[in-house]
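Proteins come first, then strands; the chains are lettered A, B, ... in the order of their sequence lines, and each starts at number 1. Quick note: numbers below take in every heavy atom, side chains included, and nothing from hydrogens, waters or symmetry partners.
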Amino acid sequence: MKYDYPEIEKKWQEKWRESNAFEAKQDFSLPKYYALIEFPYPSGVGLHIGHPRPYTAMDIVARKRRMQGYNVLFPMGWDAFGLPTENFAIKNHVHPAEVTKRNVARFKSQLNAIGLSFDWSREVNTTDPEYYKWTQWIFLQLFKKGLAYKTTMPVNWCTSCKCVLANEEVVNGVCERCGSEVVRREKSQWMLKITAYAQRLIDDLDTVNFIDRVNVQQKNWIGRSTGAEVDFATTEGDKLTIYTTRPDTLFGATYMVMSPEHPYIDKWKAQIKNWDEIIAYREASARKSDFERTELQKDKTGVRIDGVMAVNPVNDRQIPIYVSDYVLMSYGTGAIMAVPGHDTRDWEFAKKFGCEIVEVVAGGDVEKEAFTDCDTGVLVNSGFLNGLSVEEAKAKIIDWLTETGKGRAKVNFKLRDWVFSRQRYWGEPIPLVWCDHCGEWVPLPESELPLRLPDVESYEPTDNGESPLAKCTDWVNTTCPRCGGPARRETDTMPQWAGSSWYFLRYCDPHNDKELASKEALEYWMPVDWYNGGMEHTTLHLLYSRFWHKFLYDIGVVPCAEPYKRRTSHGMILGENGEKMSKSRGNVINPDDIIRDYGADTLRMYEMFVGDFEKAAPWSTQSIKGCRRFLERVCALESEVKDGVSYSPENESLIHKTIKKVSEDIETLKFNTAIAALMTLLNQFFEKGVNRAEFKTFITLLNPFAPHLTEELNERMGNPDMLVREPWPQYDESKTKDQTLDIAVQLNGKVKSIVTIPADADEQAMLDIARADDKVAAALSGMKIVKTIVVKGKIINIVVKPL
RNA sequence: GCUGGUGUGGCGGAACAGGCAGACGCCCGGGACUUAAAAUCCCGUGAGGUAACACUCGUACCGGUUCGAUCCCGGUCACCAGCACCA
């Protein structure tokens, strides 16, 4: 058969569509499998060559599961709110909804051209009011439970997007999206209390099967630490509380440091003798952007508070208090005890400002550098802690603090609450109104959802930090749903991460207009069995959606505490030069061109064969030809097929091995070696011949990888049903074993010969065969055997020395 | 700085409960077919060495454990990713 891929691919894509081949069934008695990939942001440039890698991988899993008899849910949708669309709309004077529609149409046709087996009857779009109705509904539940609150705080402000960013969206001090400078601004923002779930977000990682680097990154980001809070008295009679992970070093605390934003500074105004100096320092650090702060981190700055002293509770010594911006108001209590002998930052500060350095853990030289080792040190100069190890001292001092009421054990997290509002147009409106009469934010009744985005004349962001919606006075001015008085709508919108935090739930029951999804559907489909997505979402989408899911679990909406049973992640496709693909580097590969020149099946094969799925791999226009050649050879094999029994006993054994290998490799993300095994089998068929049944098994195994070609070949063989509906081949473990084995015979660890033994030969039999071998016998002559090592079925090693 | 990860032919990558290193593919070389080229098919292909064998060296580097180490242990170097004054 000539490999007419454009014709074949078009034909089978239509057949699958006409027969609803991939529709998940509404029969909840069947075993289910929910395979999920991250829905894309439908950008204007179309599909990237990187997209098909995870998509094809999960498509292979989904196709295999269907053949294995599962009711498979493999859906797709659009994460379509977001800035690029809005910016494009502004520039070209089109409505963002119109832009979205076009981009979605383009993406969808590209995805279909790859032959991905999505159930399009469940397509969702985050910008659809029938969808964002439920995004808003979830927000209202969060609000009602006190997990959404508005507060004024310094936030990350992107100077180019003119919009607030979440901490997770700031990378190296610049905007994750556009790379522009991010500055700190005081703004009133909606926040979501993700910190309330910090502990559970860590703990429940033990209940799911995520790849390790995801677990590690999430844990680092949440940043749990254990330590103690200690109350220091001051000469003004206040209680200055600090947090430390090293309470064992309390005797070594020789000064304290407060963040410039600490409220006690204002409180002590009357007592502070150098007030002007303190205020000048506070204002200077307030002006610094996060970027500047990190740039300057090596060089500590600060000012001593003149007029107030603190008292170390363990020894009643009076110690000075400094103000320095290396202490952050947003972590712990905004103040620290400084132990310069055993903390690098305190040591640097102490050296610069001439503070006293006391050694309380012996083992280093605190005059040269801070000694921070917790494993080997022994406590000294520490009263009742002397002689203890760091671990013992921690426990003892916490007991002491608790008994005396001067402190307590404490757990802290680096994770901060999620800044949830954006000053842009193209996002979900926040369904709250401010009522002066009620004096608070009032939620819209659920019956009024969705709160639709109004049509506005200009989507331009404003420099004053207000959302474009603020200009839409007809929409903004409304009545309070509670008291009926005049009220104003919230004009900020939700961030892009809102719609994606729950979309996998909507797929379970996408057309439900009574609830976000029915209980039965959620109980049947959830949790997602396998979710594959990018590492870049680990501390963003993945964390956010786990948080929302746990909240929905708490209020009884979803049946499971974790949304995803298994999470894996793919590597990037790089340009041919090994660099990240980008327009500016001129190394972009367009999937449309590849499909036109090689076909979708070749694209799929190559995306899976290119390298280790979990690692980045450079694209190669040379190597893709190998996959194309393989498919051509599969076509050519058709004419080699002969009726009758196997021509070769080796075929049977290799077929069983290949079924096993391909079946297992798909489950462990080793698509590249699965394909290699199929190539090996094909090569053997050309060498040894192939019968109809063998060929059928081969194309069935290949079907998830190259679905179009294999369907065509299956039809040409006269099989009435589509391969999609055929069962996955089974293997017989006993037939994967060879009758004979080729075993290496070593002398002193060097291979001297290869001998063939029966698979069940015992150690003595193996040794006898080895010694009968000519090469072995020759090598043994003139040698004295010191020792022989025989491992059944593995190896023979004879240790010799000259006679 | 901290936390993870990765170093294997000309290239992408296989093989690791310690047991023939380099599967599979690309590139490259030779041959067949062809008037010729492309395509296809066959053969070769880690490095040194040999007429051909033999043999020697080879999994970032140094050392250790072992009959045997790409794999385990200790140390060093390089690269990638994430975090970054988190007390």
Side-chain angles (χ1 to χ4, degrees), chain A residues 171-173 212-221 223-225 227 242-247 249 253 256-257 259 290 293-294 296-300 324-328 330-339 342-346 348-349 372 412-416 535-536 538-539 571-572 576 578 605-606 609-612 614-627 629-630 632-633 636 670 672-683 686 742-755 775 786-791 793-800:
Chain A
V171 177
N172 295 327
D212 237 28
R213 53 203 168 118
V214 168
N215 287 334
V216 168
Q217 259 186 51
Q218 289 213 344
K219 281 181 187 164
N220 282 348
W221 185 260
R224 182 181 196 269
S225 73
I242 60 95
Y243 171 73
T244 178
T245 55
R246 292 293 304 276
T249 61
M256 303 192 74
V257 188
S259 158
D290 278 353
R293 278 203 180 193
T294 48
L296 296 169
Q297 71 176 260
K298 292 282 177 290
D299 192 25
K300 300 269 183 296
S324 173
D325 63 7
Y326 85 86
V327 173
L328 310 173
S330 50
Y331 184 76
T333 63
I336 62 157
M337 68 174 196
V339 185
H342 306 284
D343 181 282
T344 312
R345 295 151 303 173
D346 297 345
E348 282 167 14
F349 188 88
T372 55
N412 253 324
F413 298 94
K414 286 193 213 173
L415 185 69
R416 322 250 172 100
M535 281 307 289
E536 69 276 15
T538 303
T539 54
M572 247 193 298
E576 296 224 42
M605 292 293 292
Y606 182 61
F609 191 62
V610 67
D612 183 337
E614 300 199 67
K615 289 191 201 140
W619 185 266
S620 164
T621 349
Q622 289 295 350
S623 288
I624 193 173
K625 289 180 183 154
C627 291
R629 224 168 272 163
F630 169 72
E632 302 261 13
R633 274 161 60 79
K670 300 175 90 174
N672 51 341
T673 50
I675 292 173
L678 289 164
M679 288 173 166
T680 304
L681 183 58
L682 180 75
N683 290 343
F686 273 107
D742 291 337
I743 293 290
V745 183
Q746 299 179 333
L747 254 67
N748 294 343
K750 307 257 181 216
V751 177
K752 290 294 166 189
S753 183
I754 307 290
V755 296
K775 284 188 209 155
V786 180
K787 191 176 175 184
T788 54
I789 292 106
V790 182
V791 182
K794 289 261 161 107
I795 198 140
I796 296 163
N797 189 13
I798 304 172
V799 185
V800 296

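In this structure, CZ of A/Phe630 is placed 20 Å from P of B/A39, rounded to the nearest angstrom. Following rounding to the nearest Å, A/Ile675 (CD1) and B/G25 (C1') show an atom-to-atom distance of 10 Å. Nucleotide B/A87 holds its P atom 12 Å from the CZ atom of A/Arg246, rounded to whole Å. Per the geometry, CH2 belonging to A/Trp221 stands 11 Å off P belonging to B/G82, to the nearest Å. Nucleotide B/G1 holds its P atom 13 Å from the CD atom of A/Glu348, rounded to whole Å. Atoms NE2 (A/His342) and P (B/C85) sit 23 Å apart, rounded to a whole Å. Spacing between atom CD of A/Gln217 and atom C1' of B/C83 amounts to 9 Å, rounded to whole angstrom units. For A/Arg629 and B/C24, the CZ to P distance is 15 Å, given to the nearest whole Å.
Distance check on atom P: B/A23 versus B/G9 gives 13 Å, rounded to whole Å. Between B/U56 and B/G5, the two P atoms lie 38 Å apart (nearest whole Å). Taking the C1' atom of each, B/G22 and B/U45 are spaced 12 Å apart, rounded to whole Å. Using C1' as the reference atom, B/G82 and B/C73 are 28 Å apart when rounded to the nearest Å. Distance check on atom C1': B/A15 versus B/C28 gives 25 Å, rounded to whole Å. Going from the C1' atom of B/C27 to that of B/C11 covers 7 Å, rounded to whole Å. Distance check on atom P: B/A14 versus B/U66 gives 32 Å, rounded to whole Å. Nucleotides B/A54 and B/G46 place their P atoms 14 Å apart, quoted to the nearest Å.
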Between protein and nucleotides 64-67 of chain B, what N or O pairs are separated by less than 3.5 Å?
unit_1	atom_1	unit_2	atom_2	d
B/C67	O2'	A/Asn797	ND2	3.2
B/C67	O2	A/Asn797	ND2	2.4

Please produce a list of atom pairs where a protein N or O lies less than 3.5 Å from an N or O of nucleotides 10-14 of chain B.
unit_1	atom_1	unit_2	atom_2	d
B/G12	O2'	A/Val610	O	2.3
B/G13	O3'	A/Asn672	ND2	3.3
B/A14	OP1	A/Asn672	ND2	3.1

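Residues passing the side-chain contact (heavy atoms from CB on, under 4.5 Å) test with A/Lys414, sequence neighbours excluded: A/Tyr331. Considering only residues two or more places apart in sequence or on other chains, A/Gln217 meets the side-chain contact (heavy atoms from CB on, under 4.5 Å) condition with A/Met535, A/Thr538. Qualifying salt bridge (charged side-chain N to carboxylate O under 4.0 Å, His left out) partners for A/Lys219, counting only residues two or more places apart in sequence or in other chains: none. Residues satisfying the salt bridge (charged side-chain N to carboxylate O under 4.0 Å, His left out) criterion with A/Arg224, sequence neighbours excluded, are absent altogether. Applying the ring pair (Phe, Tyr, Trp, His ring centres under 6.0 Å) test to A/Phe630 and every residue at least two apart in sequence or in another chain returns nothing. With sequence neighbours excluded, the residues forming a ring pair (Phe, Tyr, Trp, His ring centres under 6.0 Å) with A/Trp619 are A/Tyr606, listed by chain and number. Here A/Asp346 pairs with nothing under the salt bridge (charged side-chain N to carboxylate O under 4.0 Å, His left out) rule; sequence neighbours left out. Applying the salt bridge (charged side-chain N to carboxylate O under 4.0 Å, His left out) test to A/Glu576 and every residue at least two apart in sequence or in another chain returns nothing. Applying the side-chain contact (heavy atoms from CB on, under 4.5 Å) rule to A/Val800 yields the partners A/Leu747, A/Asn748, A/Leu780, A/Met783, A/Ile785, A/Ile798; only residues at least two apart in sequence or on another chain are considered.
When all heavy atoms of A/Tyr243 and A/Gly227 are compared, the closest pair comes out as OH-N, 3.5 Å. Pairing each heavy atom of A/Ser259 with each of A/Val327, the nearest pair is CB-O, 3.2 Å.
Close to B/A87, at under 4.0 Å from its OP1 or OP2, lies a side-chain N or O of A/Ser225. The shortest distance between the side-chain N/O atoms of A/Arg213 and the OP1/OP2 oxygens of B/U6 is not below 4.0 Å. OP1 or OP2 of B/C41 sits under 4.0 Å from a side-chain N or O of A/Arg633.
Of the candidates B/G19, B/C85, B/A23, the closest approach to any side-chain atom of A/Lys794 belongs to B/G19.
Taking for each of A/Asn220 and A/Thr245 the nucleotide of RNA chain B with the nearest heavy atom, the 5'-most of the two is the partner of A/Asn220. Each of A/Phe413 and A/Met679 was assigned the nucleotide of RNA chain B with the nearest heavy atom; the assignment lying further toward the 5' end belongs to A/Met679.
Consecutive Watson-Crick or G-U pairs involving RNA chain B, each under 3.5 Å on both distances, make up stems of three or more pairs at B:1-7 with B:77-83, B:10-12 with B:24-26, B:28-32 with B:40-44, B:46-48 with B:55-57, B:60-64 with B:72-76.
No donor-acceptor contact under 3.5 Å links the side chain of A/Lys414 to the base of B/C83.
Side-chain contact between A/Ile796 and A/Thr788 is absent, with no heavy atoms from C-beta onward closer than 4.5 Å.
Rounding to the nearest 0.5 Å places CG of A/Leu682 at 13.0 Å from CD1 of A/Ile675.
Using a 4.0 Å heavy-atom cutoff across all strands shown, A/Asp346 reaches no nucleic acid atom at all.
Judged by the 6.0 Å and 45° rule, A/Lys300 forms a cation-pi pair with A/Tyr326.
Classified by its glycosidic torsion, B/G9 falls in the syn category, the angle being within 90° of 0.
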